Amino acid sequence: MKKYKSILMSGLVGSLLVFSGCREDFADINSNPSDVTKAEPSYLFAQAVINFEPSGYTYWFYNAAMTYKWGQMGVPTSGFTSNYTVTTATGDQGGKYLEVLKYANDLKYVRSIMTAEESAKYANMAACLDVLTVYLGIFDSDMYGDRPFTEACMARYGGTLTPKYDKIEDLYTLWLNMLNESITTLTTSTNQTFPTTQDVAYNGNAAKWAKLANSLKLKIAVRLLVQNKAKALEIASAVANASCGVLDGKDDDFLFNKATSVTANDGDKVYHWNNGFMQSTAASKRVMDFMIKNQDPRVRFFYQKNQWNSKVVQAFFDAGKAVPAYVLNNIEYTEANGKKTFVKWKGLGEPWVRYYGLPVEMEASYNSQNADYFDYSNRFKLTNERAAYMPYSMFQQEMIIGRYDFTLPTVPGDDVIQDTEDRPWYGMYMSTAEVNLYLAEFKLLGASLPNSAASYFNKALQTSVEEYDRLANLNKIPYYGTTYKYDPNEKAIDLKDGEIAAMMANADYQLTGNKSSDLEKVYLQELLHFTLFPCDQFVTVRRSGFPKEGSALIKWENFSPKIQNSEIPRRFEVSSPSPTDLMYKILTDAYAAQGFTPGSNQDGALLNSERVWQDKGAPQFGSGAGAN
């Protein structure tokens, strides 16, 4: 990867690159088109890639916390209570596609004033920007539905400041056409100007971009299953049989870091910010137990180890203080003269015994039997000066941010051990595993695909573990490649030889030919693979009805009579537009057309019944109905 400076600074100095701006009210995009003629196409492309962001800070801070709990794939640290369905502020979703679309439109304009011969040299760049725009369009519309697209970010070229809202049904068709056209361009264009230094994703490799474009069609296809299953199966068949191929292996995966060094105020582009997130959401005990039972190595990459290493355990033994019961169950110890001595970890041993989730049941925190989970801050302190030792697992911070400081759990009196090194952040946006999970699903639903559902499923499982191990290594998350030489019983979390085979040998991770059972396994693996993709995970919960009530794998908890499944939100709120907003009439008409009631603090029942188009008719939460 080239440094951020080399990618952008030559294009940003002076007036070479003019930002086109694209706020929600579209009021700042009416500058002079002649300014854009000064921009180099390669700089426009590079800036679009840098602005490509489906994983922003406020998205993780607000949106993710809601969707994890609504899908029961994460648990509030205070447990599930009657405020389960309450919505909060939202952020970094709904208009992220505009941050790429504006550069795509700039590039189109710049090419339009070139000679035909010169313009043709930038066809691949334009095709790649279309791919990125479609990706973000899918992401933004998942929770909000219809979006301004065909008329958006065009005011500076004679367009409107009040672009119309395009229906998501029409956008899916448009985006599929854009992807098809991109594939044609990327696989047939010759004599292209595409500097590898400007493409931090694929280094100007058009064939890989074509694979991404083809694979991305599957994200649309699964979202069409409820509304047009025949069309969705047709898309899947075309994707699987396309000559350009799909993402297939680590060299194809859409996984990269945007920069490796900081210039000026671009630190967040390099490190993906430095603030913690998901501080009030922990792992689900049901999800965690399922993964541990099946020795799924990804548990170590998705979640943090708890703070109970063997030295902490021994310190509590020495102080005569209680150890969390579920931690104690995994400890072999001796006891003499009233004193306990740690001998070794039981069960699967380190590092597996350091991962625990919170109970899912409604008001579990009110049950005294769960005090070791929810009352730990009062129960598990060694001194009043030191914070309590957290016995359960939170989401892994450093898989999302590169400037997070990690402090090793140590006992009072020992040296403080920290990892404070800032590392450029690597993000994974689409992968071989995701593609093969979709193909396994489509095969089970009747699509004409060249391979069996089991072959796609098995490939997905293997590559998902490999991809997350690679990502954990690149992001240098805590305990990867090191034990910090503090606790002699500590183990690193790196993927070890034979672990994937051991995981896949479990019946829960095998397809058997029973369609209903196999579909559940595929959907659950999609949910697990999407652990660090909250929106994709929630969309999967929403469209499939899994986790399912009464399941022997990962069970959905029905919270009635406190909260009915039909009272859980399925989208985010849309705010009431101001009458002075230039977009007032368009917004009110767009909301009415979708059947949305705008406003804040809406109840979950309304956000469950007033669904985005792609979700209308989808199974209710917990039903496990899928797209059969």
Side-chain angles (χ1 to χ4, degrees), residues 66-74 80 84-85 138 141-145 168-169 172 218-233 235-236 284 286-287 290 360 437-438 440-447 453 511 514-530 533-560 563-572 594-596 603-628:
M66 285 188 281
T67 58
Y68 278 131
K69 69 178 181 179
W70 292 343
Q72 296 187 9
M73 298 300 290
F80 284 112
Y84 167 51
T85 64
I138 297 168
S141 60
D142 276 341
M143 298 299 286
Y144 292 101
I168 189 60
E169 179 181 7
Y172 281 167
L218 293 173
K219 289 181 84 78
I220 297 176
V222 295
R223 286 159 171 79
L224 279 172
L225 273 167
V226 174
Q227 297 299 340
N228 192 338
K229 182 177 178 181
K231 178 65 175 177
L233 298 182
I235 295 168
S284 155
R286 294 179 185 181
V287 171
F290 178 77
V360 176
L437 284 167
Y438 290 149
E441 177 185 351
F442 277 117
K443 184 69 174 185
L444 290 170
L445 293 175
L511 302 189
N514 180 299
K515 180 182 176 182
S516 177
S517 173
D518 288 352
L519 272 172
E520 177 176 12
K521 291 176 181 178
V522 170
Y523 286 131
L524 292 183
Q525 287 302 326
E526 288 178 2
L527 295 178
L528 294 182
H529 180 76
F530 288 141
F533 296 79
C535 182
D536 280 305
Q537 186 185 71
F538 185 68
V539 167
T540 305
V541 172
R542 191 174 69 182
R543 68 182 184 81
S544 70
F546 288 95
K548 181 178 69 171
E549 291 182 32
S551 173
L553 302 179
I554 299 176
K555 186 179 74 170
W556 176 271
E557 181 72 8
N558 190 324
F559 291 140
S560 62
I563 295 173
Q564 304 293 331
N565 290 336
S566 60
E567 296 176 311
I568 303 169
R570 298 178 73 94
R571 63 169 176 86
F572 293 141
Q594 294 179 86
F596 292 176
D603 62 45
L606 188 72
L607 297 174
N608 187 292
S609 61
E610 295 183 354
R611 304 184 182 189
V612 295
W613 176 82
Q614 60 269 44
D615 185 38
K616 290 181 178 179
Q620 192 54 269
F621 291 117
S623 67
N628 292 306

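Computed from heavy atoms alone, side chains included, the values below leave out hydrogens, waters and symmetry copies. Here the structure is a predicted model, which is why all the values come from computation and not from measurement.
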Of all heavy-atom pairs between [X] and [Y], which one has the smallest distance, and what is that distance?
X    : Y    : result
A221 : I235 : CB-CG2, 3.8 Å
P547 : V541 : CD-CG2, 4.3 Å
S517 : N514 : N-OD1, 3.0 Å
R570 : P619 : NH2-O, 3.2 Å
A440 : V522 : CB-CG2, 4.2 Å
A232 : F442 : O-CE2, 3.7 Å

When rounded to the nearest 0.5 angstrom, what distance separates [atom1] in [X] from [atom2] in [Y]?
X    : Y    : atom1 : atom2 : answer
I168 : W613 : CD1   : CH2   : 8.0 Å
L444 : L519 : CG    : CG    : 4.5 Å
L528 : M73  : CG    : CE    : 5.5 Å
L524 : L553 : CG    : CG    : 6.0 Å
D142 : K219 : CG    : NZ    : 8.0 Å
L233 : L225 : CG    : CG    : 6.5 Å

Which word best sums up how the rings of H529 and F533 line up, parallel for under 30°, tilted for 30 to 60°, or perpendicular for over 60°?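 Ring orientation, 0 to 90° scale: parallel.
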
Does the plane of the ring in Y84 sit parallel, tilted or perpendicular to the ring in F559? Use 30° and 60° as the thresholds.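 Perpendicular: the ring planes of Y84 and F559 meet at over 60°.
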
Heavy-atom distance under 4.5 Å between the side chains of [X] and [Y], does that happen here?
X    : Y    : result
T85  : D603 : no
D615 : V539 : no
E526 : Y438 : yes
L437 : Y523 : no
W556 : N565 : yes
Q564 : Q620 : no
R286 : E557 : yes

Polar contact flag, side-chain donor to acceptor under 3.5 angstrom, N558-E549: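 Checked: N558/E549 side chains pair up, N/O donor to acceptor below 3.5 Å.
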
Are the side chain of [X] and the backbone N or O of [Y] linked by a donor-acceptor pair below 3.5 Å?
X    : Y    : value
E520 : F546 : no
R223 : Q614 : no
R571 : E610 : yes
S551 : K548 : no

(request) Taking atom NZ of K231 as the centre, report whether more than 12 heavy atoms of other residues, nucleotides or ligands fall under 6.0 Å from it. (result)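 12 or below, so no.
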
What's the verdict on side chain to side chain donor-acceptor pair (under 3.5 Å) for N228 and E169, showing C-alpha distance, side-chain angles and the deciding distance? CA-CA 10 Å; N228 192 338; E169 179 181 7; over 6 Å; no

